[in-house]
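On a predicted model such as this, the values are computed, not experimentally measured, just so you know. Values below: all heavy atoms of this structure, side chains included; hydrogens, waters and symmetry mates excluded.
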Amino acid sequence: MGEGSVIATDLLHAITAVVNLWLGGRCPSCLAEFVASAPLTPLLKPDNGIRPIAVGTIWRRLVSKVAMKGVGKEMAQYLNDFQFGVGVLGGAEVVLHSVNRVLSAQHDDGSLAILTVDFSNAFNLVDRSALIHEVGMRFPSISLWVEFLYGHAARLYLGDKHIWSTTGVQQGDPLGPLLFALVARVLDIIRVVGPRLGLELNIKKTELFWPSCDGWKLRSGLFPADISRPSVGLKLLGGAVSRDVSFISGLAMKRAAKAVDLMRLLPQLHDPQSELLLLRSCMGIAKLFFGLRTCQTAHMEEAALCFDKGLRESIEDIVVCGGPFFGGPSMATGFVTN
């Protein structure tokens, strides 16, 4: 025990007091638009749409993580088998393995069909009054904090300007997935009840996969005409649902190639430390491992080799300026000049 431990204890008590103040609803509501504010980072989606990421202040994120931790087990129990993204370790992998197991076991059953649905800009348009109501009913211990964050318009800063956030949950908020899943749980009939909650079905991203068609798939009026009908497989939760080797390996290869393309942009930073940090944290290794865990690894061989080659080249660029790892004097020279 020493002077440092006393300071650390006092700091912990102060942080705890601040967190409890916010969770207890004792922060003036006039501060809500600032506490719930965040810098806005618009990311480009694969369909050329915009995915707005709003990562708030460290205090807002800390309180939200404490709130999420406090109701996590209760939330997972309430949602039970209706969702696998919040509070379920490896939930996406469970879904993919289960669906592929059913697909393999009943592939010859002509009546088998898989329907995947997508909501238009769901995170940003989900009705806030609905989520505040659900939180108040199911998890009152965090309801004051959620209402403080989402009961008022908040500022989203983009450069020197800002826009107002008035609908949906912020992508980047630690509580965001939990709140969205809680609203989605109350859907009884997607196309009827969904719009009342701000959830509009996105037909363009809704798919019908009929592995062994018995003719009913083509029957007029059975499903809306503009629903996509892939023939060999579909992408679900970032993984492949298919028995077709080329579809599975092609999806994995596409993911690996995108990661390698990003790696090759790292030298533009001209900062080896930042390049290495991004390479370790953000360059697709998690997605590659996810693919390895959710399909037969034999189908991932080409993608893994592509990723491995790209990763090695990027490390060589950072460490030895593109030269070989074991190059004798040339490698030494690379270290000296940098």
Side-chain angles (χ1 to χ4, degrees), residues 45-47 79-86 88-119 122 181 184 187 190-191 201-262 283-311:
K45 298 170 66 174
D47 60 359
L79 293 174
N80 199 10
D81 292 335
F82 290 94
Q83 68 85 39
F84 293 85
V86 180
V88 181
L89 185 63
E93 297 166 29
V94 171
V95 172
L96 279 165
H97 283 301
S98 298
V99 174
N100 276 302
R101 189 179 298 116
V102 172
L103 177 61
S104 296
Q106 303 186 37
H107 184 263
D108 294 329
D109 184 350
S111 64
L112 176 66
I114 301 173
L115 180 68
T116 65
V117 297
D118 182 83
F119 294 111
L187 297 181
I190 293 176
R191 302 191 74 170
L201 191 64
N202 186 352
I203 291 293
K204 293 182 179 179
K205 289 188 177 180
T206 299
E207 294 183 314
L208 175 67
F209 177 39
W210 207 303
S212 181
C213 181
D214 61 0
W216 283 83
K217 175 181 178 180
L218 304 176
R219 182 180 176 183
S220 177
L222 184 60
F223 290 98
D226 43 3
I227 286 183
S228 175
R229 291 168 169 80
S231 59
V232 295
L234 56 82
K235 183 180 177 182
L236 176 66
L237 300 176
V241 175
S242 177
R243 298 176 77 242
D244 186 273
V245 174
S246 61
F247 178 83
I248 298 171
S249 59
L251 183 62
M253 188 62 192
K254 181 178 179 181
R255 177 173 294 160
K258 287 181 65 176
V260 171
D261 287 343
L262 282 175
M283 292 293 114
I285 189 68
K287 290 186 176 182
L288 185 71
F289 284 166
F290 178 77
L292 290 170
R293 293 195 302 269
T294 54
C295 74
Q296 296 180 20
T297 54
H299 304 333
M300 296 282 294
E301 182 176 359
E302 184 181 4
L305 289 174
C306 172
F307 184 89
D308 185 69
K309 182 175 181 292
L311 181 61

How long is the gap from [atom1] on [X] to [atom2] on [Y], to the nearest 0.5 Å?
X      : Y      : atom1 : atom2 : answer
Met300 : Leu305 : CE    : CG    : 11.0 Å
Ser249 : Lys254 : OG    : NZ    : 13.5 Å
Ser242 : Leu103 : OG    : CG    : 7.0 Å

Heavy-atom closest pair, residues Phe247 and Val232 = CD1-CG2, 3.9 Å

So, for Ala259 and Phe307, which heavy atoms are closest and what is the spacing to 0.1 Å?
->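 Closest approach of Ala259 to Phe307: CB-CE1, 3.8 Å.
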
Using the test salt bridge (Lys or Arg N to Asp or Glu O under 4.0 Å), find all partners of Arg243 that sit at least two apart in sequence or belong to another chain.
->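 For Arg243, no residue satisfies salt bridge (Lys or Arg N to Asp or Glu O under 4.0 Å) once neighbours in sequence are set aside.
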
side-chain hydrogen bond (donor to acceptor under 3.5 Å, both in side chains) contacts in which one or both residues fall within residues 301-310, not counting sequence neighbours = Lys309-Glu313

Donor-acceptor under 3.5 Å (His299 side chain, Asp244 main chain) | no

Tell me, please, which residues at least two apart from Ser98 pass side-chain hydrogen bond (donor to acceptor under 3.5 Å, both in side chains).
->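 Result, side-chain hydrogen bond (donor to acceptor under 3.5 Å, both in side chains) vs Ser98: none returned.
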
